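In this text, all values refer to a predicted model and were calculated from it rather than measured experimentally. So you know, we letter chains A, B, ... as the sequences are listed, proteins then strands, and number each from 1.
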Amino acid sequence: MHAYRTHTCAALNQSDVGQSVRLSGWVHNKRDHGGVLFVDLRDHYGMTQIVADSDSPALPVLEKLKLESVVTIDGDVKARAPEVVNPNLPTGEIEVFAREVTIQSRAEELPLIVNSAEDYPEETRLKYRFVDLRRERVHNNIVLRSQVISSLRQRMIAQGFNEFQTPILGASSPEGARDYLVPSRLHPGRFYALPQAPQMFKQLLMVAGFDRYFQIAPCFRDEDLRADRSPEFYQLDFEMSFVTQEDVFQAIEPVLAGVFEEFSGGKTVTPAGEFPRIPYKEAMLKYGSDKPDLRNPIEISDVSHHFTSSGFGIFEKIVGGGGVVRAIPAPNTAEKSRKFFDEMNDWSKKEGFAGLGYVTRKGGEFGGPIAKNHGPENMAKLYEELGLGENDGLFFAAGKEKDAAKLAGAARTRTGEILELIEENCFKFCWIVDFPMFEYDEDLKKVDFSHNPFSMPQGEMDALENSDPLDILAWQYDIVCNGYELSSGAIRNHRPDIMYKAFEIAGYTQEDVDANFSGMIEAFKLGAPPHGGSAPGIDRIVMLLADEPNIREVIAFPLNQRAQDLMMGAPSMVSARQLRDVHIRLSGEAVEAQKEASTAEKTDMNSNAAERDGE
RNA sequence: GCGGGUGUAGCUCAGUUGGUUAGAGUAUCGGCCUGUCACGCCGAGGGUCGCGGGUUCGAGUCCCGUCACUCGCGCCA
């Protein structure tokens with residue numbers, strides 16, 4: 001007989017009755033009736049009820065054992081009487097009568113309870129993540145993640161993509177996010193940077209002639225966190241040679257749609273080949289965002305032209321000064337109180353916006369200060385143009401175009417949520433395309449790249465030479481699903497002459513480009529195929545499929561919101577010797593911070609030890 | 001860096017207008033219990049009310065500061 005088990009805890013059923021078996025697992029729960037004891041024995045696969053009565057030598061042992069201890073049970077499979085069958089358990093028709101028990105590992109008192117759905121503070125969960133990961137929901141999330149990654153791999157390989165690894169210790173490059181740096185021991189004063197993405201390497205793989213590359217690529221960005229943003233994350237990074245934007249779309253849509261259909265649990269998914277393509281400019285107008293949630297039916301309209309002359313002076317002034325007015329419908333809000341509209345305005349101010357105007361409409365009757373000043377006839381005209389009904393309210397976001405669009409977008413989301421208009425049980429994909437190549441940087445008072453400097457401008461050299469830079473679009477595209485940016489990609493600029501020209505427009509000389517991107521420029525001078533790709537974020541994909549609001553719920557060992565590993569204690573202090581090795585001397589400020597942290601930690605550890613010792 | 005929320009027993013939470021010894025559930029420990037599956041019943045231990053100031057006869061409660069966690073803004077091509 002195997003040392004630990006003949007079956008897993010999900011394996012036994014009616015057909016095994018009468019067998020002698022050996023099971024191993026965690027003591028998930030106990031129900032002690034004095035003369036008879038029930039133990040739910042749990043492993044990765046499932047749960048089996050163990051029974052011991054006064055005839056069994058296992059009874060006194062199991063009685064004393066704390067939950068989450070690990071045991072091996074020798075026993076006999078018995079059919080449960082019909083009235084005590086548990087229909088909620090796959091093994092619910094049987095139970096194992098324990099003849100013997102071996103304690104493999106004795107658990108002490110637990111910081112969190114595995115057999116409960118109760119929510120624990122994230123701090124506790126992360127500190128004891130190995131316990132937290134035993135809990136059903138997170139355990140399932142991590143398994144789902146594994147399955148999603150496996151499916152993505154298979155789908156990419158089936159399409160002729162080859163998986164390659166790229167370096168983790170790379171060179172820092174000036175643009176983009178803040179790098180995580182690794183000091184070099186062999187080269188005093190020099191640093192490696194962890195990849196923000198294997199961008200350059202995948203392009204170089206195309207130059208090297210590999211044609212179709214992908215990788216489940218770890219990426220690192222030293223920026224502040226969000227619910228959907230971790231400093232280390234994974235992308236399905238891919239790149240293809242001799243392709244147009246259309247080819248990239250056709251390659252990745254079936255992969256994403258396929259994976260979502262496979263794991264969505266019955267939710268509908270935008271079919272491959274039918275992802276809507278929304279130009280950036282249209283997205284900013286209609287949704288006030290470059291990552292619109294298409295489950296929300298509300299669409300924003302520009303109504304500036306209605307207010308060029310209006311009794312409502314504020315809007316007239318804004319439009320006269322080059323600003324815009326955007327309208328966000330609030331359908332069927334005739335029954336909503338004034339409080340609803342006022343609270344939206346309060347909310348917008350709290351969010352740091354200028355404020356949200358509104359018009360109410362009840363049975364065709366307009367209400368609110370804007371309607372009063374603008375006049376009912378003018379309002380009716382506006383409503384007709386927007387196709388709004390007799391009981392639809394309307395919010396207004398006014399100001400500089402960028403600010404108004406952003407406010408309108410936030411208001412659209414909030415209105416959709418409050419009015420419960422967000423369609424459930426679906427994944428709605430879209431492409432955002434035609435991103436502008438350049439934008440005017442108000443702070444630096446100059447034209448700069450608006451996205452990725454290595455994207456090919458639409459119209460290529462001709463556009464760069466003959467168009468207003470701010471009108472030039474890029475072959476740059478995002479995939480968005482339910483309001484989350486899943487992926488960013490581009491057809492790359494593989495032509496050194498066009499590259500130099502693009503950088504020139506953004507105010508960089510040829511020397512600047514050579515100094516910072518020499519590797520890639522050199523490569524492009526030695527025979528480079530046209531190429532492009534993208535990189536869907538795996539954590540976000542799993543987060544959506546697991547229906548979790550937070551990326552940490554689908555990462556086995558996530559960093560917390562301040563980028564710390566509460567379990568292992570990263571980032572940690574290192575010895576003076578280690579610092580010497582890598583030629584690093586700490587600033588006075590850093591030493592001071594260390595001292596403070598050190599004192600705090602010692603106190604903390606002492607108190608923990610005292611608790612354990614029962615003081 | 002800025003703003004919001006939270007912080008009371010190991011854990012989840014309650015705690016009235018500022019007023020006696022800060023409560024409940026759960027976990028832990030002890031006792032009882034032969035069909036439970038969130039088993040049940042009886043009992044016990046367990047508190048720096050995040051921390052530091054202040055106001056007050058009196059602060060978990062009010063004020064100021066600070067820390068931690070979290071959500072958002074900035075940031076993230």
Side-chain angles (χ1 to χ4, degrees), chain A residues 28-41 47-56 59 63-64 66-68 78 80-89 91-92 95 97 108-128 131 173-179 196-197 199 219-231 233 347 349-353 406 410 435-439 443 448-455 474 476 478 485 488-490 506 537 549-550 552 560-562 564 566 596-597 600 603-604 607-608 611-612 614:
Chain A
H28 185 72
N29 198 11
K30 291 195 295 184
R31 292 172 295 281
D32 191 348
H33 291 247
V36 62
L37 170 70
F38 300 97
V39 172
D40 294 331
L41 193 68
M47 202 118 70
T48 300
Q49 175 163 284
I50 309 295
V51 197
D53 65 18
S54 38
D55 295 337
S56 167
L59 179 71
E63 247 177 355
K64 293 282 171 207
K66 281 202 180 45
L67 297 185
E68 293 307 305
K78 294 195 167 172
R80 296 204 203 178
E83 64 273 18
V84 294
V85 161
N86 184 346
N88 302 319
L89 216 57
T91 61
E95 61 196 5
F97 184 84
E108 295 179 6
E109 193 174 343
L110 296 158
L112 48 84
I113 300 163
V114 175
N115 68 34
S116 134
E118 203 171 279
D119 213 7
Y120 287 90
E122 201 162 12
E123 205 173 347
T124 309
R125 293 180 55 202
L126 294 185
K127 189 165 176 186
Y128 300 96
V131 178
S173 81
E175 96 298 352
R178 194 177 294 111
D179 285 320
Q196 294 176 27
Q199 185 62 36
C219 305
F220 307 87
R221 294 177 192 177
D222 188 2
E223 297 290 348
D224 286 347
L225 276 58
R226 291 287 184 278
D228 64 349
R229 236 162 59 189
S230 165
F233 58 100
W347 157 82
K349 285 180 175 162
K350 217 177 97 187
E351 293 283 305
F353 293 109
K406 201 174 161 195
F435 279 86
M437 186 79 196
F438 302 99
E439 66 186 3
D443 297 331
D448 204 353
F449 293 108
S450 74
H451 230 82
N452 184 335
F454 305 115
S455 301
Q476 167 90 39
D478 284 0
E485 181 192 314
S488 198
N550 187 311
R552 294 186 293 276
N560 72 358
Q561 214 256 354
R562 291 188 58 202
Q564 297 164 301
L566 298 177
E596 267 170 48
T603 317
D604 190 40
S607 71
N608 281 349
E611 274 166 32
R612 274 198 302 276

Problem set entry | Nucleotide B:G74, atom P - distance to NZ of A:K406 in whole Å | 4 Å

For this session: Please round to the nearest 0.5 Å and tell me the distance separating atom CD1 of A:I113 and atom OH of A:Y120.
Result: 3.5 Å

Exercise. When you measure from the side chain of A:A177, which nucleotide among B:C33, B:A77, B:G35 comes out closest?
Worked result: B:A77

For this session: Just call it for A:E122: base, sugar-phosphate, or nothing, with non-hydrogen atoms closer than 4.0 Å on any strand.
Result: sugar-phosphate

Exercise. Is any side-chain N or O of A:R226 closer than 4.0 Å to OP1 or OP2 of B:C73?
Worked result: yes

Exercise. With a 3.5 Å cut-off and just heavy-atom distances, do the side chain of A:R221 and the base of B:C75 make a donor-acceptor pair?
Worked result: no

Exercise. According to a strict under-4.0 Å criterion, is A:R562 in side-chain N/O contact with OP1 or OP2 of B:C69?
Worked result: yes

Problem set entry | Rounded distance in Å between the C1' positions of B:U61 and B:G15 | 9 Å

Problem set entry | Short side-chain N/O contact from A:Q564 to OP1 or OP2 of B:C69, under 4.0 Å | yes

Problem set entry | Rounded distance in Å between the C1' positions of B:C69 and B:C11 | 16 Å

Exercise. What interatomic distance, in whole Å, is found between C1' of B:U8 and the corresponding atom of B:A22?
Worked result: 8 Å

Seminar exercise, completed: In terms of heavy-atom contacts, A:D53 and A:F97 come closest through OD1-CZ, 3.4 Å

Problem set entry | Separation of the C1' atoms in B:U12 and B:G18, to the nearest angstrom | 27 Å

For this session: Report yes or no: is the ring centroid of A:H33 under 5.5 Å from the six-membered base ring centroid of B:U36, with the two planes under 30 degrees?
Result: no

Exercise. Distance between the P atoms of B:G45 and B:A38, in whole angstroms?
Worked result: 31 Å

Exercise. When you check the phosphate oxygens OP1 and OP2 of B:C37, does a side-chain N or O of A:N88 lie under 4.0 Å from one of them?
Worked result: no

For this session: Measure the distance from CG on A:N29 to C1' on B:A27 and round it to the nearest whole Å.
Result: 12 Å

Problem set entry | Parallel, tilted or perpendicular, as decided by the 30° and 60° cut-offs, for the rings of A:H451 and A:F435 | tilted

For this session: Give the rounded distance in Å between these two atoms: CD1 of A:I113 and C1' of B:C13.
Result: 14 Å

Exercise. In which stems does RNA chain B show up, taking only runs of three or more Watson-Crick or G-U wobble pairs whose two distances fall under 3.5 Å?
Worked result: B:1-7 with B:67-73, B:10-13 with B:23-26, B:28-32 with B:40-44, B:50-54 with B:62-66

For this session: Please state whether the base of B:U70 and the side chain of A:E123 form at least one donor-acceptor pair under 3.5 Å?
Result: no

Exercise. How long is the gap from CZ on A:R226 to CG on A:D228, to the nearest 0.5 Å?
Worked result: 8.5 Å

Exercise. What are the two closest non-hydrogen atoms of A:A474 and A:M437, and how far apart are they?
Worked result: CB-SD, 3.6 Å

Seminar exercise, completed: Rounding to 0.5 Å, atoms CD (A:Q49) and NE2 (A:H28) come to a distance of 12.0 Å

For this session: Let me know the distance between CD of A:E223 and P of B:C76, rounded to the nearest Å.
Result: 6 Å

For this session: Write down the distance between CG (A:D32) and C1' (B:G35), rounded to a whole number of angstrom.
Result: 13 Å

For this session: Determine the contact category for A:N560: base if any of its heavy atoms lies under 4.0 Å from a base atom, sugar-phosphate if only primed atoms, P, OP1 or OP2 are that close, otherwise nothing.
Result: sugar-phosphate

Problem set entry | Donor-acceptor pair under 3.5 Å, A:R229 side chain vs B:C75 base | yes

Problem set entry | A:E109 side-chain proximity, nearest of B:U28, B:U34, B:U36 | B:U28

Exercise. Between the base of B:G35 and the side chain of A:E95, is there a donor-acceptor distance below 3.5 Å?
Worked result: yes

Exercise. If you look at every strand shown and take non-hydrogen atoms under 4.0 Å, does A:S455 touch a base, only sugar-phosphate, or nothing?
Worked result: nothing

For this session: With rounding to the nearest 0.5 Å, note down the distance linking NZ in A:K66 to CD in A:E109.
Result: 6.5 Å

Exercise. What integer distance in Å separates A:E63:CD from B:C29:C1'?
Worked result: 15 Å

For this session: Please work out if A:K349 contacts a base, only the sugar-phosphate, or nothing of the nucleic acid, heavy-atom cut-off 4.0 Å.
Result: nothing

For this session: Look at the side-chain N and O atoms of A:Q196 and state whether any lies under 4.0 Å from the OP1 or OP2 oxygen of B:A77.
Result: yes

Exercise. Given the P atoms of B:A27 and B:C67, what is the spacing between them in whole Å?
Worked result: 38 Å

Exercise. Hey, which of these two, A:K30 or A:R552, hits RNA chain B nearer its 5' end, going by closest nucleotide?
Worked result: A:K30

Exercise. Which part of the nucleic acid, if any, lies within contact of A:D53, taking any heavy atom under 4.0 Å across all strands shown: a base, the sugar-phosphate backbone alone, or nothing?
Worked result: nothing

Problem set entry | Euclidean distance for C1', B:C32 against B:U16 (whole angstrom) | 39 Å

Exercise. Using the P atom in both, what is the distance from B:G7 to B:U21, to the nearest Å?
Worked result: 25 Å

Exercise. Under 3.5 Å, is there a donor-acceptor pair linking the side chains of A:N560 and A:E123?
Worked result: no

Exercise. When you check the phosphate oxygens OP1 and OP2 of B:C71, does a side-chain N or O of A:N550 lie under 4.0 Å from one of them?
Worked result: yes

Problem set entry | Salt bridge flag under 4.0 Å for residues A:R178 and A:E223 | yes

Exercise. If you check every side-chain atom of A:D224, which of B:C75, B:A27, B:A77 has the closest atom?
Worked result: B:C75

For this session: To the nearest 0.5 Å, tell me how far A:N115 CG sits from A:D40 CG.
Result: 8.0 Å

Seminar exercise, completed: From OH of A:Y120 across to C1' of B:C69 the rounded distance in Å is 18 Å

For this session: Hey, which sits more toward the 5' end of RNA chain B by its nearest nucleotide, A:D228 or A:K66?
Result: A:K66

Problem set entry | B:C39 OP1/OP2 closer than 4.0 Å to side-chain N/O of A:R31 | yes

